[in-house]
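It should be emphasised that the depicted structure is a prediction, and the values quoted were computed from it without experimental measurement. We count ligands from 1, going down the list as the structure has it; atoms in each ligand are counted the same way.
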Amino acid sequence: MKKIEFESLPSTSLYIKENITSIKNNVYVIAKEQTNGRGRTGNSWVSSKENLMFSFKINPDKIAVNDYPLITLLTGLVVRNTLAYISDCEEILIKWPNDIICNDKKICGIIAEVVFNDTNSIIIGIGINVNQVDICDELKNKASSLRLIFKKDFDKDAILEKFDEEFKLLYRRLEEKDKSFIDQLNKYNYLKEKEIVINNEEYQNKSFVCLNINKNGNLVLRDEKNNLFEINSNEVSLKNNYK
Ligand code: BTN
């Protein structure tokens, strides 16, 4: 496993984007601190030195563009399995598309960005709340860390090593068109049978029950009139309990 470590960077994902031709695939860029961490949907990602922040790029040549969303989902499952292994706790779940949840709180965020150039690349950035003890008041009821949940410190290198091992395995299977990992995603689907709302205008004021994640990686929902339909990557949140 190859890694490049920095004391501080604006963002590990941005670093890869700016050095896209010189950074090799699957090399981990790690920063102890990010001064301009990026989250999904234009949010920023504020973290602390006790946590793990890293990015790497992959070349998705063997994967159809339509299946790119599966790469993000697969990454979420790999993080979930890694954290379950390292903490010896099964109750680590995936909130579709790729937040990792434990005790109803987010402990990891994942962002995947496609860079279209001569050879397409996908930059995957992962922030795991590992040994953080202070969570700001604003996030206290939404976010936590492994340290706060399991009351002990975790080895960040061991987390990355396990992630690397598992990612390579599952990604190779996806390259071979094996999508069986989706069954595992459904097993650990945090939203399963929960009532959710979708945070965009089209679906405002409606509520849905989440059924499952299908082979395309879409979330299958049932509306109030019992119609089934699927969505691909909107922000979803729980109806009665916004987390
Ligand atoms: C989310 O919004 O949940 C995704 C957060 C992703 C944060 C990680 S930290 C390492 C990498 N570098 C970034 O700037 N963002 C990702």
Side-chain angles (χ1 to χ4, degrees), residues 1-20 23 25-58 68-69 71-80 82-83 92-102 104-115 121-132 135-136 138-146 154 156-157 159-160 163-164 167 185 188 190-191 198-200 217 219 233-238 242-243:
M1 179 180 96
K2 286 211 177 105
K3 52 185 182 181
I4 316 174
E5 289 179 85
F6 292 87
E7 274 303 312
S8 178
L9 276 181
S11 152
T12 52
S13 290
L14 187 63
Y15 180 87
I16 296 187
K17 199 176 254 178
E18 287 172 351
N19 297 280
I20 196 88
I23 302 244
N25 292 330
N26 294 91
V27 171
Y28 294 100
V29 173
I30 306 163
K32 284 198 182 137
E33 172 194 80
Q34 291 188 134
T35 52
N36 192 14
R38 296 136 65 105
R40 291 180 59 238
T41 58
N43 292 329
S44 55
W45 181 259
V46 180
S47 191
S48 80
K49 288 201 172 184
E50 297 91 46
N51 292 335
L52 181 58
M53 288 165 269
F54 65 97
S55 301
F56 61 106
K57 79 171 170 88
I58 52 169
Y68 283 2
I71 298 174
T72 332
L73 297 175
L74 177 144
T75 307
L77 177 65
V78 172
V79 175
R80 182 265 153 209
T82 300
L83 300 185
I92 297 187
L93 302 174
I94 300 149
K95 180 172 166 246
W96 183 93
N98 53 17
D99 285 347
I100 308 300
I101 307 283
C102 187
D104 290 323
K105 292 184 179 171
K106 177 165 169 172
I107 54 171
C108 167
I110 298 166
I111 182 168
E113 297 162 271
V114 185
V115 178
S121 301
I122 297 182
I123 302 174
I124 299 174
I126 302 178
I128 306 175
N129 297 344
V130 181
N131 295 321
Q132 185 174 2
I135 309 261
C136 67
E138 200 185 309
L139 291 178
K140 248 182 194 143
N141 61 349
K142 288 188 190 174
S144 192
S145 71
L146 293 176
F154 287 85
K156 293 193 267 176
D157 291 335
I159 294 175
L160 186 58
F163 172 87
D164 178 63
F167 184 87
L185 270 179
Y188 301 113
Y190 175 72
L191 295 175
I198 302 171
N199 304 326
N200 82 8
L219 193 63
S233 84
N234 292 290
E235 274 291 283
V236 297
S237 49
L238 300 188
Y242 180 77
K243 300 269 181 189

What atoms of ligand 1 come within less than 4.0 Å of a heavy atom belonging to [X]?
X: Gly37; result: 14 (O)
X: Ser13; result: 11 (C), 12 (N)
X: Ser55; result: 11 (C), 12 (N)
X: Ile111; result: 6 (C), 16 (C)
X: Thr12; result: 10 (C), 11 (C), 12 (N)

Closest protein heavy atom (residue, atom, distance) for [atom]:
atom: atom 1 (C) of ligand 1; answer: Arg40 N, 3.5 Å
atom: atom 15 (N) of ligand 1; answer: Arg38 O, 2.7 Å
atom: atom 3 (O) of ligand 1; answer: Lys106 NZ, 2.7 Å
atom: atom 5 (C) of ligand 1; answer: Trp45 CE3, 3.3 Å

Original post:
Should the heavy atoms of other residues, nucleotides or ligands under 6.0 Å from NZ of Lys3 be counted, would the total exceed 12?
Top reply: yes
Subject >> Chi angles and distances behind the side-chain contact (heavy atoms from CB on, under 4.5 Å) call for Asn129, Asn51 >> reply: CA-CA 5 Å; Asn129 297 344; Asn51 292 335; 3.5 Å; yes
Subject >> Proximity of Phe56 and Phe163 rings by center, below 6.0 Å >> reply: yes
**OP:** Select one of side chain, backbone, both or neither to describe which atoms of Ile126 lie under 4.0 Å from any atom of ligand 1, heavy atoms only.
**Re:** backbone
Subject >> Residue portion contacting ligand 1 (non-hydrogen atoms closer than 4.0 Å) for Leu14 >> reply: neither
**OP:** Name the option, out of Lys17, Glu113, Gln34, that contains the heavy atom nearest to atom 12 (N) of ligand 1.
**Re:** Gln34
